[in-house]
Amino acid sequence: MRLDVHAHLWSTEYLDLLQAHGVHDVAAYRQLGAGRTERELDARFALLDSAGIDMQILSATPLSPHLEDEQAAVDAARRINDEYAELVARYPTRFRAIASLPLPHIDAALRELERAFTQLNMLGACITTSVLGLSIANPLFEPLYQELNRRQSVLAIHPAGRGAHSPLIADYALTWSIGAPIEDTVAAMHFILHGIPQRFPEMKIIVPHLGGLLPMTLERLDQTVAWEAPHTPEPPSRAALRMWYDTVGHDQVPALQAAAATFGAERLLFGTDFPFQPGDLFQTTVDYIRRAGLPEADVNAILDRNAAAVFGL
């Protein structure tokens, strides 16, 4: 099964709801073809067929229902999760989904996670790399990780689109070009420094975009945390192998090669980042894996086996 672990869908109704709750950066998401109208879905399915992709795992990140007002967050989370459940029921061979949660309201998030698993048949949860400025390694979120660990389920993280909360990124039009992989790297390292992959070994953490900077820096990290963060529970190079990484690399073959060499092909999960590589670029999400010079067995595992095994499909 060719399973796309990094795919988005936002209905007009969900975007309207976020905007009504004060989220101001939704306009750019309205014209991407990532809605649930019949026209948009037909075009999506045609792209999937052209690339030989069987199914997508839907996630609402970065437009997650992470809102300061708890009731607003709960309303938005229930809305998007219900929409996804309806789409999965309508297109069971095309879609599965992971739950969005009303964070940082942890008790409400745990209730919604329970509903997502027991009533909506979801496969895990997704969160952004920071939540209203909080590190996702904040102890506040540990009950969520405990529950996902208990269920041996998936936690997919995704850039928040906040430029790593640095004006040197956000104020220079770098939020998504370099800010996104920096956010991936920071979030993964926060997890590693706090021992989360080690303490919750049954929670399947997926870091997007080939792990950001991790493939290029793990040896540096091992050497540096020894004196800079000496209480790190285990070397970053060991902790990194407890997580998985999607292949969204925007056709950058050397980056994919580095990730495969660093983590092993078995830790790479196929992803497209739909709808952000539209048209002819969509096919490159598959083709660049085939062009990377990896052993054929590794290519086949990355494209057609690893993700299904992680999600139990």
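Along the sequence shown, the residues carry numbers beginning at 1.
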Give me the atom names and distance for the closest heavy-atom approach of [X] to [Y].
{"X": "L110", "Y": "L144", "value": "CD2-CA, 3.9 Å"}
{"X": "V23", "Y": "D25", "value": "CG1-OD1, 3.2 Å"}
{"X": "A170", "Y": "T175", "value": "CA-OG1, 3.6 Å"}
{"X": "N81", "Y": "A99", "value": "OD1-CA, 3.5 Å"}
{"X": "A240", "Y": "I192", "value": "N-CD1, 4.3 Å"}
{"X": "P104", "Y": "L132", "value": "CD-CD1, 3.6 Å"}

Transitively linked via ILVMFWY side-chain contacts under 4.5 Å: [X] with [Y]?
{"X": "V207", "Y": "L210", "answer": "yes"}
{"X": "V248", "Y": "L155", "answer": "no"}
{"X": "V88", "Y": "F117", "answer": "yes"}
{"X": "M216", "Y": "L256", "answer": "no"}
{"X": "L120", "Y": "I127", "answer": "yes"}

Straight-line distance of [X] [atom1] to [Y] [atom2], nearest 0.5 Å:
{"X": "T37", "Y": "D42", "atom1": "OG1", "atom2": "CG", "value": "8.5 Å"}
{"X": "I302", "Y": "R290", "atom1": "CD1", "atom2": "CZ", "value": "11.0 Å"}
{"X": "L18", "Y": "L67", "atom1": "CG", "atom2": "CG", "value": "6.5 Å"}
{"X": "M189", "Y": "S135", "atom1": "CE", "atom2": "OG", "value": "11.5 Å"}
{"X": "I205", "Y": "I196", "atom1": "CD1", "atom2": "CD1", "value": "7.0 Å"}
{"X": "D273", "Y": "D246", "atom1": "CG", "atom2": "CG", "value": "7.5 Å"}

CA sep, side-chain torsions, deciding dist, call: L87, L41, side-chain contact (heavy atoms from CB on, under 4.5 Å): CA-CA 10 Å; L87 283 165; L41 292 174; 4.1 Å; yes

Report yes if some heavy atom in the side chain of [X] is under 4.5 Å from a heavy atom in the side chain of [Y]; otherwise report no.
{"X": "P275", "Y": "Y29", "result": "no"}
{"X": "H194", "Y": "N138", "result": "no"}
{"X": "I182", "Y": "L174", "result": "no"}
{"X": "W10", "Y": "L32", "result": "yes"}
{"X": "L103", "Y": "I106", "result": "yes"}
{"X": "S59", "Y": "S100", "result": "no"}
{"X": "R36", "Y": "L9", "result": "yes"}
{"X": "Y145", "Y": "I136", "result": "yes"}

Using atom types as modelled and distance alone, determine if a side-chain donor or acceptor of [X] lies under 3.5 Å from a backbone N or O of [Y].
{"X": "Q56", "Y": "F95", "value": "no"}
{"X": "T285", "Y": "F282", "value": "yes"}
{"X": "S50", "Y": "L47", "value": "yes"}
{"X": "T232", "Y": "L193", "value": "no"}
{"X": "D184", "Y": "G211", "value": "no"}
{"X": "E183", "Y": "R162", "value": "yes"}
{"X": "Q257", "Y": "G293", "value": "no"}
{"X": "T262", "Y": "P215", "value": "yes"}
{"X": "E112", "Y": "V74", "value": "no"}
{"X": "T185", "Y": "L213", "value": "yes"}

Salt bridge (charged side-chain N to carboxylate O under 4.0 Å, His left out): which pairs involve [range], sequence neighbours left out?
{"range": "residues 50-68", "answer": "none"}
{"range": "residues 209-234", "answer": "E234-R242"}
{"range": "residues 137-161", "answer": "E114-R151, E142-R199, E147-R150, E147-R151"}

Going by the rule salt bridge (charged side-chain N to carboxylate O under 4.0 Å, His left out), which residues pair with [X] if we only count those two or more places apart in sequence or in a different chain?
{"X": "R267", "answer": "none"}
{"X": "D107", "answer": "none"}
{"X": "E40", "answer": "none"}
{"X": "D82", "answer": "R115"}

Counting only heavy atoms not in [X], do more than 12 fall under 6.0 Å of its [atom1]?
{"X": "E38", "atom1": "CD", "answer": "no"}
{"X": "R90", "atom1": "CZ", "answer": "yes"}
{"X": "D171", "atom1": "CG", "answer": "yes"}

Where at least one partner belongs to residues 148-186, residue pairs that pass ring pair (Phe, Tyr, Trp, His ring centres under 6.0 Å), sequence neighbours excluded: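 For residues 148-186, and leaving out neighbouring residues, the ring pair (Phe, Tyr, Trp, His ring centres under 6.0 Å) pairs sorted by first residue read H6-H158, H8-H158.
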
Pairs involving residues 47-93, ordered by first then second residue, that meet ring pair (Phe, Tyr, Trp, His ring centres under 6.0 Å) (sequence neighbours left out):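 Passing the test, one end in residues 47-93: F45-Y91.
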
Under the ring pair (Phe, Tyr, Trp, His ring centres under 6.0 Å) test, residues paired with Y245 that sit two or more places apart: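 Y245 satisfies ring pair (Phe, Tyr, Trp, His ring centres under 6.0 Å) with F263 once adjacent residues are dropped.
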
Non-neighbouring partners of F141 that pass ring pair (Phe, Tyr, Trp, His ring centres under 6.0 Å), sequence neighbours left out: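 So F141 forms no ring pair (Phe, Tyr, Trp, His ring centres under 6.0 Å) with any residue.
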
N306 and F270: CA distance, side-chain angles, deciding distance, side-chain contact (heavy atoms from CB on, under 4.5 Å) verdict: CA-CA 8 Å; N306 292 349; F270 173 65; over 6 Å; no

Short N-O contact, R94 and D4, less than 4.0 angstrom: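 Looking at R94 and D4, the cut-off is not met.
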
Salt-bridge contact D16-R79 (side-chain N to carboxylate O under 4.0 Å):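 Salt bridge between D16 and R79, a charged N being under 4.0 Å from a carboxylate O: no.
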
E83-S11 side chain donor-acceptor pair, cut-off 3.5 Å: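 Side chains of E83 and S11: pair found under 3.5 Å.
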
Residues T129, V186; criterion side-chain contact (heavy atoms from CB on, under 4.5 Å); working and verdict: CA-CA 8 Å; T129 47; V186 170; over 6 Å; no

Members besides I98 in its Ile/Leu/Val/Met/Phe/Trp/Tyr cluster (side-chain heavy atoms under 4.5 Å):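 The other cluster members (ILVMFWY side chains, heavy atoms under 4.5 Å, direct or chained) are M1, L3, V5, M55, I57, L123, V154, I206, W244, L269, V310, F311, L313.
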
